[in-house]
Amino acid sequence: EDTLSLHDALPIFLCLALLPTMAMALTVGQTIELGPLQTLNSTPYAIPVNNTKNTLIQVWATWCPFCKKQNAYLEKLYKELPPNSLNVITISIDKNPLLAKQYMENNQYTFPAAMMTPELQKSMGKVKGIPILIILDKNNKIIYREIGEIFPEEYADLKRFAKAP
């Protein structure tokens, strides 16, 4: 018999229907809504309503060796950036916020860090690899995206996204 039953066709249809959304996860031009975030230091974090700056987002986890390297690059960049030239927030995907907070303290990182929220997860889609580095423009559209480790000189080059206040 050459015909597909509804029972056989449904999984194929669902895979084909979902494929574009899976492929679209974190693509340049996509809009990301951060929603309300609270840093690991219990302070609210929000991009200003009348935002004129780009935003750097880095997704990481305490157990990821590449994230540890990249967080060190970010700390260096964060200290070198002119004040108020780039919004910066990092997002931990750890299950335990206390582990993430201890990790930040143990490594003496000063950049803002928050935990992944259900709202942000919905906006970003499923995290399939870390670290993830995203630069958003002033309208929250992705203008740069890198998944996986990048090198220190590439990280230093991100200064080009900072804007004089």
Side-chain angles (χ1 to χ4, degrees), residues 12-40 44-94 100 103-104 109-165:
I12 296 168
F13 172 77
L14 286 174
C15 285
L16 291 174
L18 293 174
L19 194 60
T21 56
M22 292 189 308
M24 289 291 291
L26 298 177
T27 56
V28 170
Q30 175 185 346
T31 300
I32 300 285
E33 294 303 329
L34 287 177
L37 293 172
Q38 185 153 335
T39 69
L40 296 171
Y45 181 91
I47 294 175
V49 176
N50 297 323
N51 184 43
T52 59
K53 297 178 280 189
N54 293 326
T55 301
L56 181 150
I57 301 171
Q58 183 160 286
V59 181
W60 58 277
T62 57
W63 44 264
C64 167
F66 303 114
C67 299
K68 185 164 181 149
K69 284 184 187 178
Q70 216 154 288
N71 282 338
Y73 306 154
L74 174 56
E75 181 66 19
K76 185 176 187 310
L77 177 72
Y78 188 68
K79 287 180 174 176
E80 292 173 357
L81 287 171
N84 300 315
S85 62
L86 184 68
N87 300 314
V88 174
I89 186 71
T90 64
I91 307 296
S92 169
I93 62 167
D94 285 285
Y103 171 90
M104 292 291 292
Y109 294 141
T110 59
F111 51 79
M115 296 301 293
M116 180 64 78
T117 64
E119 298 81 13
L120 183 54
Q121 180 77 54
K122 187 176 176 189
S123 184
M124 290 181 80
K126 183 160 177 59
V127 173
K128 294 187 169 111
I130 52 173
I132 299 172
L133 179 68
I134 304 166
I135 305 286
L136 305 178
D137 71 6
K138 66 180 184 171
N139 299 313
N140 294 339
K141 283 198 188 317
I142 297 175
I143 55 174
Y144 175 91
R145 165 189 81 73
E146 197 64 51
I147 299 174
E149 183 182 10
I150 64 173
F151 298 104
E153 56 276 6
E154 294 172 298
Y155 217 100
D157 188 47
L158 296 174
K159 286 181 189 171
R160 73 183 192 270
F161 292 107
K163 298 184 178 198

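Residue numbers count from 1 along this sequence.
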Review point. Taking all atoms of both residues into account, what is the closest heavy-atom pair of Pro82 and Ser85, and its distance?
Key: O-OG, 2.6 Å
Review point. Do we see a donor-acceptor contact under 3.5 Å between the side chains of Thr31 and Lys141?
Key: yes
Review point. Looking at side-chain heavy atoms only, is the closest gap between Gln58 and Tyr73 below 4.5 Å?
Key: no
Exercise for review: Calculate, to the nearest 0.5 Å, the distance between atoms CD1 and CG belonging to Ile89 and Leu34 respectively.
Suggested key: 7.5 Å
Point to revise | Spacing of OG1 belonging to Thr62 relative to CD1 belonging to Ile93, to within rounding of 0.5 Å | key: 9.0 Å
Check your understanding: Taking the side chain as C-beta and beyond, is there a heavy-atom pair between Ile132 and Ile57 under 4.5 Å?
Key -> no
Check your understanding: Rounded to the nearest 0.5 Å, how far apart are CG of Leu136 and CG of Asn51?
Key -> 9.5 Å
Review point. Less than 4.5 Å apart, any side-chain heavy atom of Lys53 and any of Leu86?
Key: no
Check your understanding: How long is the gap from OG1 on Thr52 to CG on Asp137, to the nearest 0.5 Å?
Key -> 11.5 Å
Check your understanding: Atom OG1 of Thr90 and atom CE of Met115: how far apart are they, to the nearest 0.5 Å?
Key -> 10.5 Å
Review point. Is the backbone of Ile150 close enough, under 3.5 Å, to the side chain of Gln70 for a donor and an acceptor to pair up by distance?
Key: yes
Practice item. Work out which heavy atom in Leu81 is nearest to a heavy atom in Ala162; give both atom names and the distance. Key: CD2-CB, 3.7 Å
Check your understanding: Which heavy atom in Cys64 sits nearest to a heavy atom in Ile130, and how many Å separate them?
Key -> CB-CD1, 3.8 Å
Review point. When the ring planes of Tyr103 and Tyr109 are compared, do they come out parallel, tilted or perpendicular, using 30° and 60° as the limits?
Key: tilted
Review point. Has the side chain of Asn54 got a donor or acceptor atom that lies under 3.5 Å from a matching backbone atom of Phe161?
Key: yes
Check your understanding: Can you tell me if Glu75 uses its side chain to pair, donor with acceptor, with the backbone of Thr110 under 3.5 Å?
Key -> yes
Point to revise | Any side-chain heavy-atom pair of Leu56 and Leu77 under 4.5 Å | key: yes
Practice item. State, yes or no, whether a side-chain contact exists between Glu146 and Tyr155 at a heavy-atom distance under 4.5 Å. Key: no
Check your understanding: Do Ile134 and Met124 come close enough that some side-chain heavy atom pair is under 4.5 Å?
Key -> yes
Point to revise | Tyr45 OH: over 12 foreign heavy atoms closer than 6.0 Å | key: yes
Review point. If we only count heavy atoms from C-beta on, is the Gln30 to Arg145 side-chain gap below 4.5 Å?
Key: no
Check your understanding: How many angstroms lie between atom CD of Glu33 and atom NZ of Lys122, to the nearest 0.5 angstrom?
Key -> 12.0 Å
